[in-house]
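Data block below; observations after.
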Amino acid sequence: MNKLSRRDALKKSLKSAVAISAPMVLPASVLGIGPKYTAPNSRINMGLIGHGKIMNGHRKYHAGSKEVEVVAICDVDKRKLDPAMAEIKELQGRDCAKYEYYEDLMSRSDVDAVVVGTPDHWHAQISIEAMKNGKDVYVEKPMTLTIEEGKVMREVGRRYGSILQVGSQQRSERAFRKAAELVRNGYIGKVHTIYARLGRFPDPTQYPKETIPEGFNYDRWLGPAPWEPYNFERIKGDYGGGWRRFWDYGSRKNGDWGAHHYDIIQWALGRDHTGPVEFFPPEFEGEKEQYYFYGDGTKIIRRSSREGHMIHFHGSEGEVMVSRGDKLETNPVSLKNMVFKSSDTRLYESSDHRADWLNGIRSRKQPICHVEIGHRTATICHLAGISERLKRPVRWDPDKETIVGDKEAAKWMSRPRRAPYGLLG
Amino acid sequence: MISLLRIRPLITSLIVSASVLNAGEYQEQVMEIAEAFSSSDPETQYTARRNLEILVSDASAPKEFRGSEKITEGLLFALDNDQTPREAKKYILRQLARVGTPEAVNPLVELMSGKDALLAENARKAIESISGSKARKALISVYPDLGEAGKLDILKSLAHRGEPGSVGFIVEQLEVGSDEIAAAAAWSLGRIGGSRSINSLSSAYSDDPSTKVAAAIEQALLSNDRVTTDSLYVIYRDGTSAAQKRAALRRLIDRQDRGVSDTIADGLASDDPDLRLIAIESALSSGNDAYQSIVLDQVSEMDSEDLLAVLAGLVHVDADRAEEIAIEIFDNSDEPHQLLAIDVLGRVGSADSVGTLLRAFDEGGRAVKIKASLAIARIDTPAMDTWVQAMLNSVVEKDVLRGQELLTHRNVKGGKDRLIQHVKSGSPSQVRGALRTFSMIADTKDLDLLFEISRGSSAETKRLIESLLQKLGPVYGSVALNRKLVNLGIVEPSEG
């Protein structure tokens, strides 16, 4: 203590600086609970990072909310900033600042929270920097690109007490919650098999080099991912492909849809703190699809076809089938309409994923899909991807969070980061 | 035994020799794949890339003896070959980052120092991933010749490797480097950890560094479990941002240091809302009764904003105390507080909360009513069941209707039987209320029963029941019921 008190001189200057510029730990907008009441001076100041397809909904929601003020936006493609800003101005009646570099947005002490809507390979680094700067985070799914990133995010989130919501928003849909509660409470007996409908992307490919458009910072878009020549097809946001089909920027369908469906499976089974222990690649020993086992033998089978429900739980005494659009089917059919007993386990209830996060920011309560949950779900996506790429089974110890008996596969838990984007943690 | 021990080195040597003899087995395959990279056809290029990945994956699988060594040799052979296209070299380097052994370090250092920036960067990443001191020393050896950007990359690489053997070198950079270098060195030391890192960071922190470096040191210290308690107090008091202060207090609370109680009390008394909220949030989330009491004992003195933080933090507090505080705040505050208080009561409430929740359900605005219904559904006390049952059995019609409505939220014993009686009663409002509830909770058996009742009911009751059956029958009704409904023309025959 004595030794460190030499910083007293510095302390004085810092104290005055902090008084002016420190980010608000709990924003004044804690007053804005409830749909009818939002004090004008108590809005959550929001930064929106990455203005591709997925940000459209976030932008409209937050700029149109009385509880939020979008104060800054950021994208490596300058061409996207002006239209985004125009929309925000129209919705909230005020301009906001625009940035090419997220670090500039992070350095603003008046930004309370950020939405990270970039491609997956940027999720972790930006989220971590945000948390270290005292900001709360809504990060799109899957939360990470690698297992290592998830571990670091979890640790940083714990260290800073950050409120982090992962955009696996099916948890906030009624049908998925009811499905999970039916499964969790044993209404279909012991669950033995679960189908998750993920679909399939076209295989990745190589594209010829094109000229980088004016205003697009391609090097920055690539960030920590390996250098590849520019081609629009590589970087475009496209739910049927685009960057999503490349392993360098995502986990393909395992990350794209798996991050939603595996998330619900974990929730329903009460396994948010753990995960499956064995992952098998597609076309392994005659089985067409990928499959994974939990330690108790419960099997998840990935479905590449588009048929059937998004998630289909098979239990010893029934089935639960659930899809987006509030589609829930059960066998026996009466389960669908039953009311739970007060002794049943009820799951965290959220009917609006973004609102749940905003409430968490105000209350400092972790939201429905917090960092640990996001990390565990993303881990399933990544292990499935590792098994697929290595074309061999991967065994996983969810307690120690290590790949067992395959040190080469274990190296895939992280990826080398391209300079100068090596900072993580 | 002795003879076995004597021949063991010989056996090992034979195995090693055999594997060296086999080491060249991948050279040809790698070269063959590498050639395909020169194709101008993107599909062919991608296939080559995937084939290389599969070759390396198969070669280094656990069942392969010395697989990584052998495939590394094959990859290095192609890397050193002038015939190998540059594009192939790029992907070979990426594979070396996966499986490369220390034998790859020297050739990689050469590439890392070369003029081809793309290959140099990929070589650095490969060296970063290769385990063993040889790779670490190689990274350190090239450091002096690099510009600032290159030096930052090396510091990050050393951090990712996480070896204590790098600490001495990184400490030097913390002490003599520019602000950029010192901040990166601080980050690296935080990531590697260990007592030497902590001591060096603490020492540098006490030496009045620039704000940029101080912030990096604070983050690095906080990332390490062994950070000293003294350092934590200084960061809480003087930290460069609220985020660092909060993290420091959270860590002090985790350690239950003797001075923490006073620190929390000082925080609550502060004029700085940030410090007050940090204190409330950290104390309540600690799960420690003593720290929590420091906050909860002051609830009656708190302003609106602080109370919301308290309500949020009650999730961490003993159920009885949390319930008591939530009821107190509900009774004395406005809607935003009431909403959070109801949440708390639904989660931890006992018989004592029943009256408050029913009042909220009856008298609250729309948002309060919705919250209250959720809490009524979830609250874990038989007293709530008893209340709902009493309402269903009441002679006061208003109570009966309220009980019917609550049944859609809470499943109480005998509830459906009472609803059936209400349907049979003929009282128009009770019939409507009961059927409204049934529309939310009826199952197959209930629908059968309602159908039977409808046969002998008044025209209005019959009409209402048939309207319900028309809606729910095809979804939840039995086959027999649906057949009857079709015969009576209440529902259309299904196509199947």
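Note that this is a predicted model, so its numbers are computed, not measured. Order of the sequence lines fixes the chain letters, A, B, ..., with proteins taken first and strands second; residue numbering starts at 1 for each chain.
Taking chain A as the reference chain and counting heavy-atom pairs below 4.5 Å, the highest number among B:P62, B:S157, B:A442 is found for B:P62. If you tally non-hydrogen atom pairs under 4.5 Å between each of A:M338, A:E155, A:K411 and chain B, the highest count goes to A:K411. Interface remark: of the candidates A:S334, A:S342, A:G405, A:S342 forms the most heavy-atom pairs closer than 4.5 Å to chain B. Options B:Q45, B:K63, B:E121 differ in how many heavy-atom pairs under 4.5 Å they form with chain A, and the most are formed by B:E121. Here B:L374 is the residue among B:D380, B:I280, B:L374, B:L311 with the most heavy-atom pairs under 4.5 Å with chain A. Highest contact tally toward chain A, considering only B:S129, B:S223, B:A97, is held by B:S223 [criterion: heavy-atom pairs under 4.5 Å].
For a residue to count as touching a neighbouring chain, one of its non-hydrogen atoms must lie under 4.5 Å from one of that chain's; by this rule B:H409 touches chain A with the backbone only. Both the backbone and the side chain of A:R346 come within less than 4.5 Å of a heavy atom of chain B. Only the side chain of B:D254 comes within contact range of chain A, with heavy atoms under 4.5 Å apart. For chain A, the nearby part of B:I54 is the side chain; its heavy atoms alone come within less than 4.5 Å. Residue B:K445: no heavy atom, backbone or side chain, is found under 4.5 Å from chain A. Contacts between B:A126 and chain A at a heavy-atom distance below 4.5 Å are absent for every atom of the residue. Neither the backbone nor the side chain of B:S39 comes within contact range of chain A; no heavy atom of the residue lies under 4.5 Å from a heavy atom of that chain. At a 4.5 Å heavy-atom cutoff, A:V156 makes no contact with chain B through either its backbone or its side chain. When heavy atoms are compared at a cutoff of 4.5 Å, A:P332 does not approach chain B at all. The contact between B:Y91 and chain A is made entirely by side chain atoms (from C-beta outward), counting heavy-atom distances below 4.5 Å. Both the backbone and the side chain of B:L222 come within contact range of chain A, with heavy atoms under 4.5 Å apart. With a 4.5 Å cut-off on non-hydrogen atoms, B:M384 does not touch chain A at all. Heavy atoms closer than 4.5 Å to chain B are found nowhere in A:S343, neither backbone nor side chain.
For the pair A:T205/B:E43, a side-chain contact is recorded, criterion being any heavy-atom separation below 4.5 Å from C-beta on. Inter-residue side-chain proximity for A:W227 and B:N122 is flagged as unmet; no heavy-atom pair is nearer than 4.5 Å. Looking at heavy atoms from C-beta onward, B:R124 lies out of side-chain contact with A:P416 at the 4.5 angstrom threshold. With contacts defined as side-chain heavy-atom distances shorter than 4.5 Å, the pair A:P208/B:P42 qualifies. Residues A:K341 and B:D385 form no side-chain contact, since every pair of their non-hydrogen atoms from C-beta on lies 4.5 Å or further apart.
The environment of CD in A:E210 is crowded: more than 12 heavy-atom neighbours from other residues, nucleotides or ligands sit within 6.0 Å. Residue B:D303 places its CG atom among more than 12 non-hydrogen atoms of other residues, nucleotides or ligands, all under 6.0 Å distant. Applying the 6.0 Å contact sphere to NZ of A:K151 captures more than 12 heavy atoms from other residues, nucleotides or ligands.
Judged by distance alone, the side chain of B:R250 and the main-chain N or O of A:R158 form a donor-acceptor pair under 3.5 Å. Between the B:K156 side chain and the A:P420 main chain, a donor and an acceptor come within less than 3.5 Å of each other. For the pair A:E408 (side chain) and B:A59 (backbone), a donor-acceptor distance under 3.5 Å is absent.
B:E128 and A:R417 are not joined by a salt bridge, as no carboxylate oxygen comes within less than 4.0 angstrom of a charged side-chain nitrogen. Under a 4.0 Å N-O distance rule, the pair A:K209/B:E87 does not qualify as a salt bridge. Ionic pairing of A:K365 and B:E281 is not present here: no N-O contact between side-chain nitrogen and carboxylate oxygen is shorter than 4.0 angstrom. Using a 4.0 Å cut-off between a side-chain N of Lys or Arg and a carboxylate O of Asp or Glu, B:R94 and A:D248 qualify as a salt bridge.
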Given the rule in the side-chain contact (heavy atoms from CB on, under 4.5 Å) test, do A:E349 and B:R378 qualify, once you have shown the distances and angles that lead to the verdict? CA-CA 11 Å; A:E349 185 159 356; B:R378 286 169 180 242; 2.9 Å; yes
Do A:E148 and B:H160 pass the side-chain contact (heavy atoms from CB on, under 4.5 Å) test, and can you show the C-alpha distance, the side-chain angles, and the key distance before you say yes or no? CA-CA 11 Å; A:E148 172 71 12; B:H160 288 143; over 6 Å; no
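Scanning all heavy atoms of the two residues, the minimum distance from A:A419 to B:D153 falls at CB-OD2, 3.1 Å. Of all the heavy atoms in A:V333 and B:V475, the pair that sits closest is CG2-O, 3.5 Å. When all heavy atoms of A:V339 and B:N411 are compared, the closest pair comes out as O-ND2, 3.3 Å. Closest approach of B:R98 to A:S414, counting heavy atoms only: NH1-O, 3.8 Å. Closest of all the heavy-atom pairs between A:R392 and B:D58 is NH1-N, 4.4 Å. The two atoms that bring B:Y46 and A:Q206 nearest to each other are CB-N, 3.8 Å, heavy atoms only.
Using modelled atom types and a 3.5 Å distance limit, the side chains of B:S57 and A:R389 yield no donor-acceptor pair.
Taking CG from A:N337 and CG from B:L472, the interatomic distance works out to 6.5 Å, rounded to the nearest 0.5 Å. Interatomic distance, CD of A:E129 versus CD of B:Q219, reported as 7.0 Å (0.5 Å rounding). Atoms CH2 and CZ, on A:W247 and B:R49 in that order, are 12.0 Å from each other to the nearest 0.5 Å.
Among residues two or more places apart in sequence or in another chain, the ring pair (Phe, Tyr, Trp, His ring centres under 6.0 Å) test is passed with B:Y476 by none.
Here salt bridge (charged side-chain N to carboxylate O under 4.0 Å, His left out) pairs that include residues 327-338 of chain A, with residues two or more places apart or in two chains, number zero.
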